[in-house]
Amino acid sequence: MKRTIALPATALAVLSLAACEDATGPDNDEFHFNPRVIEGEWRGQALPGDLLEIKGISGDIQASASLDQEIVVKWTKRGQQDDPASVSVQVVQHANGITICAVYPDVPGQPDNECLPGDFGHMATQDIDVDVDFTVTVPAGVDFRGRTISGDINADHLRGDVEGATVSGDVSITTSELAEASTISGSIEASIGRSDWDRDVSIPANTNAEVWATAVTGSVSSDFSLPVLHDGSIRGTLGSGGALLRLSTVAGSVRLRRGS
């Protein structure tokens with residue numbers, strides 16, 4: 001059976017990436033097929049308040065803090081049966097920042113795949129086994145958004161707002177600012193440094209808030225003394241209360257961790 005994954009579509013202008021890539025082919029072992037690997041890199045500058053966005057389909061996204069204002073994005077493309085060169089990495093520079101996408105070959109009968117910011121663009125894949133893993137450094141004050149369909153998202157000690165979203169995978173976020181995290185099949189573990197958010201967030205936090213944490217087929221745990229409801233979910237008040245902090249997963253676990 002063919003498998004198709006699709007994301008929403010609209011339109012804006014796209015800037016293609018110029019990057020150096022090195023490929024190594026499979027060896028001659030007749031019993032084991034070595035995946036071909038292609039690596040690439042992009043560097044650029046960002047200002048506080050800019051958004052760095054990584055959009056993938058299959059593969060992990062790892063983000064860490066940069067020591068200066070330079071963004072460094074590295075990627076590794078791996079394919080077992082399919083050629084990793086068939087998947088391109090594109091960079092779109094726009095008024096709000098930078099969006100970088102893994103763009104797979106177009107699927108017949110669907111709109112062309114296109115790398116655009118936010119919920120815009122179209123990404124679909126069919127019968128291709130290429131994974132694209134991203135490793136990113138994010139400057140202080142730059143917001144980060146990582147989205148993928150199948151893969152983990154790890155944002156470690158960032159200094160801007162963070163959003164991590166995957167369908168099948170785990171999300172781990174640590175930031176001094178605000179965060180959002182979501183997964184369908186996986187676990188969420190995160191901590192934030194601010195409590196003045198104006199939206200529901202899906203992360204643990206050590207702040208004054210109303211908390212509601214649920215897992216359909218997984219578990220919910222907390223470092224705080226919060227009431228456990230009959231369905232295994234947690235709902236209660238941290239400190240003096242405040243904005244609502246929501247954490248949820250369908251098949252996985254949620255941990256509310258006490259930060260420093």
Side-chain angles (χ1 to χ4, degrees), residues 3-9 17 35 37-42 51-64 71-80 82 84 86-92 97-107 110 113-138 142-156 158 160-175 179-190 201-203 248-254:
R3 180 173 64 91
T4 301
I5 302 173
L7 298 177
L17 168 71
V37 176
I38 297 177
E39 296 181 339
E41 179 179 304
W42 180 88
L51 171 67
L52 172 60
E53 179 179 42
I54 305 294
K55 298 169 76 171
I57 290 182
S58 180
D60 299 334
I61 299 173
Q62 170 75 46
S64 59
I71 293 172
V72 180
V73 180
K74 298 181 179 181
W75 58 87
T76 302
K77 301 186 288 187
R78 295 183 176 87
Q80 292 282 349
D82 297 304
S86 65
V87 179
S88 66
V89 174
Q90 295 183 1
V91 175
V92 180
I98 300 165
T99 297
I100 300 178
C101 310
V103 181
Y104 285 69
D106 295 335
V107 176
Q110 295 200 28
N113 286 335
E114 189 174 19
C115 179
L116 295 174
D119 294 331
F120 298 106
H122 182 82
M123 294 293 167
T125 173
Q126 185 178 60
D127 292 341
I128 183 169
D129 68 358
V130 177
D131 294 335
V132 183
D133 295 327
F134 287 95
T135 302
V136 187
T137 60
V138 185
V142 173
D143 297 337
F144 176 74
R145 178 184 295 151
R147 296 180 177 179
T148 188
I149 300 297
S150 177
D152 298 334
I153 297 176
N154 189 331
D156 188 26
L158 300 190
D161 289 356
V162 178
E163 178 186 340
T166 181
V167 174
S168 178
D170 299 332
V171 180
S172 176
I173 296 174
T174 306
T175 179
E180 296 185 21
S182 65
T183 180
I184 299 299
S185 178
S187 301
I188 294 172
E189 184 174 348
V201 291
S202 307
I203 56 168
S248 64
T249 181
V250 175
S253 61
V254 175

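The structure displayed is predicted, hence computed values, not measured ones.
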Practice problem: Let me see the working for R147 and D119 under side chain to side chain contact (heavy atoms under 4.5 Å, CB included), right down to the final yes or no. | Solution: CA-CA 11 Å; R147 296 180 177 179; D119 294 331; 2.9 Å; yes

Practice problem: Go through the structure and list residues passing side chain to side chain donor-acceptor pair (under 3.5 Å) with E53, not counting sequence neighbours. | Solution: T99, R145

Quiz item: Is the backbone of D82 close enough, under 3.5 Å, to the side chain of D129 for a donor and an acceptor to pair up by distance?
Solution: yes

Exercise. Write down the atom of C101, the atom of M123, and the distance for their closest heavy-atom approach.
Key: CB-CE, 3.6 Å

Practice problem: Using the side chain to side chain contact (heavy atoms under 4.5 Å, CB included) rule, take N154 and D60 through it: C-alpha gap first, then chi angles, then the decisive distance, then the call. | Solution: CA-CA 8 Å; N154 189 331; D60 299 334; over 6 Å; no

Quiz prompt | Smallest separation among heavy atoms of G169 and T166, with atom names | solution = O-CG2, 3.5 Å

Quiz item: Counting N and O atoms only, with roles assigned by atom type, does the side chain of K77 sit under 3.5 Å from a partner on the main chain of S88, one being a donor and the other an acceptor?
Solution: no

Quiz item: Is the backbone of G160 close enough, under 3.5 Å, to the side chain of T175 for a donor and an acceptor to pair up by distance?
Solution: yes

Quiz item: Do you know which two heavy atoms are closest between A155 and V162, and how far apart they sit?
Solution: CB-CG1, 3.9 Å

Practice problem: Grab the two heavy atoms, one from I173 and one from A181, that are nearest each other, plus how far apart they are. | Solution: CD1-CB, 3.9 Å

Quiz item: Who passes side chain to side chain contact (heavy atoms under 4.5 Å, CB included) against P105, sequence neighbours left out?
Solution: S86, V87, I128

Self-check item: Side chain to side chain, T148 and F134, heavy atoms closer than 4.5 Å
Solution: no

Quiz item: About how many Å separate CG of L158 and OG of S64, when rounded to the nearest 0.5 Å?
Solution: 7.5 Å

Quiz item: Nearest 0.5 Å, what's the CD1-CD1 distance between I100 and I54?
Solution: 4.5 Å

Quiz prompt | Heavy-atom closest pair, residues D106 and N113 | solution = OD1-N, 2.8 Å

Practice problem: Decide yes or no on side chain to side chain contact (heavy atoms under 4.5 Å, CB included) for T76 and V37, but give the supporting numbers first. | Solution: CA-CA 7 Å; T76 302; V37 176; 3.5 Å; yes

Quiz item: When rounded to the nearest 0.5 angstrom, what is the spacing between CG in D143 and CG in L51?
Solution: 6.0 Å

Quiz item: Is any side-chain heavy atom of F144 closer than 4.5 Å to a side-chain heavy atom of I61?
Solution: yes

Self-check item: Partners meeting side chain to side chain donor-acceptor pair (under 3.5 Å) with D133 (sequence neighbours left out)
Solution: R78

Practice problem: Might you point out which heavy atoms bring Q110 and A124 nearest each other, and give the distance in Å? | Solution: OE1-CB, 3.5 Å

